[in-house]
Undergrad: 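Sharing a structure, written as structure tokens. Questions coming.
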Amino acid sequence: MLAVLGFATLGSFMLLVMRKYLSAFTAIMLTPIAAAVIAGKGTKLGDMIMNGLDTVAPTAALLLFAVLYFGLMMECKLFEPIVQAIVRASKGDPVRIVVGTAVLSLLVALDGDGTTSYMIVCSAFLPIYRRLGMNPLILATLAAMALGTISGTTPWGGAATRGISVLHLSATEYFVHMIGPMALTSLAIIAVAYWLGLRERHKIDGEKLAAYKLEIASGEAFEPVKADWRMWFNAALTLLLMVLLIAEVADLLVLFMVAFVIALLVNIRAIGDQQELIKRQAANAVPVMILVLAAGVFTGIMTDSGMIKAMADAALSIVPEGWGDIIPLFTAVLALPLGFFMSNDGYWFGVVPVLAESAAHYGIPANEIARAGAIGQILHMMGPTSAPLWVLLGLVKAELGDFQRHALRWGVLVSVAYILFAVITGAISVT
């Protein structure tokens with residue numbers, strides 16, 4: 001009963017959002033609440049919702065200050081020299097721009113933090129997309145796939161860290177076998193970017209593109225940027241922030257709060273101007289926070305009501321007794337839909353240990369289950385429970401349904417390729 005209700009809840013949510021019957025904010029809250037009432041757990045709704053909010057509240061606060069910090073950096077034109085260098089290198093060619101988006105997304109995803117990665121990529125490329133009239137959903141799609149591949153696989157990324165800790169694994173033993181599949185999947189993302197770039201090249205008006213290339217060649221496409229001491233200070237502060245993030249010197253929320261306060265005092269001295277900046281950036285930050293908190297309601301109800309566990313057990317039960325050797329492959333396939341809808345905490349701490357225990361009966365090491373589970377991170381980055389996704393959508397000014405209609409086909413394609421690469425290289429076994 002719970003499993004059927006859980007799958008029905010997920011399906012209803014997708015239908016309501018993608019057909020635009022409800023906004024993401026209302027659908028992500030109403031569907032699990034309705035399911036809990038139908039399941040007879042209405043009296044426990046308050047506790048389940050609060051448990052879910054407890055898990056996402058730090059993330060919501062982190063996103064608030066991350067958006068404020070990078071919003072300030074954008075207003076100070078910190079990334080403008082990078083944008084101009086990329087435009088000059090691309091020579092205005094949409095194919096080079098889209099491939100460059102993929103390459104930069106893959107590189108910055110190495111820091112492991114989704115919000116930071118999206119901010120950097122959008123700061124560098126979004127002005128170029130808007131100037132040429134290119135589809136910003138391409139940028140969002142490539143950034144999400146890159147983050148799911150790199151940050152979702154590396155041991156210092158949030159997802160793999162959960163798997164390594166809950167299954168008591170060696171980070172080195174886990175990761176060494178994933179380097180090959182991860183590299184091949186990165187090439188697949190670049191290939192998708194090349195294809196999308198070709199399509200954009202044909203869509204853009206030829207005369208407009210030719211005129212823009214002339215502007216680039218003559219230097220008229222850029223406004224001169226003065227590299228004063230504040231810009232150098234902002235660059236040093238941002239670089240220091242990235243180093244401290246990777247080194248895990250302090251909690252991410254603390255780092256972004258302190259960095260924002262320092263940057264605000266250095267760049268905007270008048271109190272009134274500081275308040276105006278916060279008001280301007282609140283237009284980007286508040287919708288993100290609201291949606292993250294709504295996602296916490298979704299995951300809290302789905303997890304505490306038992307629907308998530310029932311869905312995982314139901315999916316595992318369809319594996320025939322004699323097919324135990326393919327549990328790693330089944331885990332990788334199952335990770336795609338579950339990763340899309342579930343929070344990482346719920347998936348890695350609730351579902352993966354059950355799959356690992358089942359695999360152990362067939363002599364399959366837990367490392368393979370952890371590797372297989374990480375493959376679902378590509379679709380997780382496109383799902384409603386991915387907190388950084390709401391930042392990305394806010395930056396590109398896109399609705400969840402529009403993004404998913406564009407991105408899911410490519411996310412599924414790359415995820416399937418990831419599974420094949422993992423099988424071929426022996427990262428997960430099927431024998």
Side-chain angles (χ1 to χ4, degrees), residues 1-14 16-17 22-65 114-115 158-159 161-163 165-167 251-254 286-315 335 337-356 373 376-377 380-381 383-391 400:
M1 170 63 180
L2 282 177
V4 173
L5 191 57
F7 286 118
T9 302
L10 301 184
S12 300
F13 169 76
M14 287 295 296
L16 291 170
V17 171
L22 291 177
S23 68
F25 172 70
T26 53
I28 204 172
M29 291 184 63
L30 290 180
T31 50
I33 289 175
V37 172
I38 294 172
K41 299 181 182 291
T43 57
K44 299 179 180 179
L45 267 176
D47 292 336
M48 292 190 288
I49 289 174
M50 288 306 301
N51 288 338
L53 291 176
D54 285 342
T55 62
V56 300
T59 300
L62 165 63
L63 294 180
L64 168 64
F65 283 97
T115 303
T161 300
R162 290 174 172 85
S165 62
V166 74
L167 298 179
D251 188 85
L252 298 181
L253 172 58
V254 174
V286 172
V288 171
M289 287 188 63
I290 290 175
L291 286 166
V292 170
L293 294 173
V297 174
F298 182 90
T299 55
I301 295 175
M302 295 293 289
T303 301
D304 291 355
S305 65
M307 281 187 277
I308 290 296
K309 186 178 185 305
M311 292 162 62
D313 292 341
L338 291 187
F340 180 81
F341 285 108
M342 292 183 65
S343 67
N344 271 333
D345 285 341
Y347 176 71
W348 286 101
F349 296 138
V351 176
V352 171
V354 175
L355 296 170
Q377 285 300 296
H380 173 73
M381 296 303 172
T385 59
S386 172
L389 174 63
W390 300 109
V391 175
L400 178 64

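Numbers for residues simply follow the sequence, beginning at 1.
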Undergrad: Which pair of heavy atoms, one from Met48 and one from Ala36, lies closest together, and at what distance?
TA: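 Result for this residue pair: CE-CB, 4.2 Å.
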
Undergrad: Excluding sequence neighbours, so at least two apart, what forms ring pair (Phe, Tyr, Trp, His ring centres under 6.0 Å) with Phe340?
TA: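 For Phe340 there are no ring pair (Phe, Tyr, Trp, His ring centres under 6.0 Å) partners, ignoring immediate neighbours.
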
Undergrad: State, to 0.1 Å, how close Leu5 and Ala35 come at their nearest heavy-atom pair, and which atoms those are.
TA: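 Heavy atoms of Leu5 and Ala35 come nearest at CD2-O, 3.2 Å.
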
Undergrad: Identify the heavy atoms of Gly6 and Met302 that sit nearest to each other, and give their distance.
TA: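 Gly6 and Met302 have their closest heavy atoms at O-CE, 4.0 Å.
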
Undergrad: Distance from Met29 atom CE to Thr31 atom OG1, nearest 0.5 Å?
TA: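 That separation rounds to 10.0 Å.
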
Undergrad: Does Lys44 form a side chain to side chain contact (heavy atoms under 4.5 Å, CB included) with Asp304? I'd like the steps, not just the answer.
TA: CA-CA 9 Å; Lys44 299 179 180 179; Asp304 291 355; over 6 Å; no

Undergrad: Are the side chains of Leu293 and Leu53 in contact, using a 4.5 Å heavy-atom criterion?
TA: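 Sidechains of Leu293 and Leu53: in contact.
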
Undergrad: Could you tell me the separation between the NE2 atom of His380 and the OG atom of Ser386, rounded to the nearest 0.5 Å?
TA: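 Rounded to the nearest 0.5 Å, the NE2-OG separation comes out at 4.5 Å.
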
Undergrad: Could you list the residues that satisfy side chain to side chain contact (heavy atoms under 4.5 Å, CB included) with Leu2, not counting sequence neighbours?
TA: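 Expected list: Ala39, Lys41, Met307, Ala310.
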
Undergrad: Applying side chain to side chain contact (heavy atoms under 4.5 Å, CB included), name anything that partners Ala27, two or more places apart in sequence or on another chain.
TA: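 Phe13, Leu16, Val17, Leu22.
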
Undergrad: Distance from Ile33 atom CD1 to Ile301 atom CD1, nearest 0.5 Å?
TA: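 Rounded to the nearest 0.5 Å, the CD1-CD1 separation comes out at 5.0 Å.
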
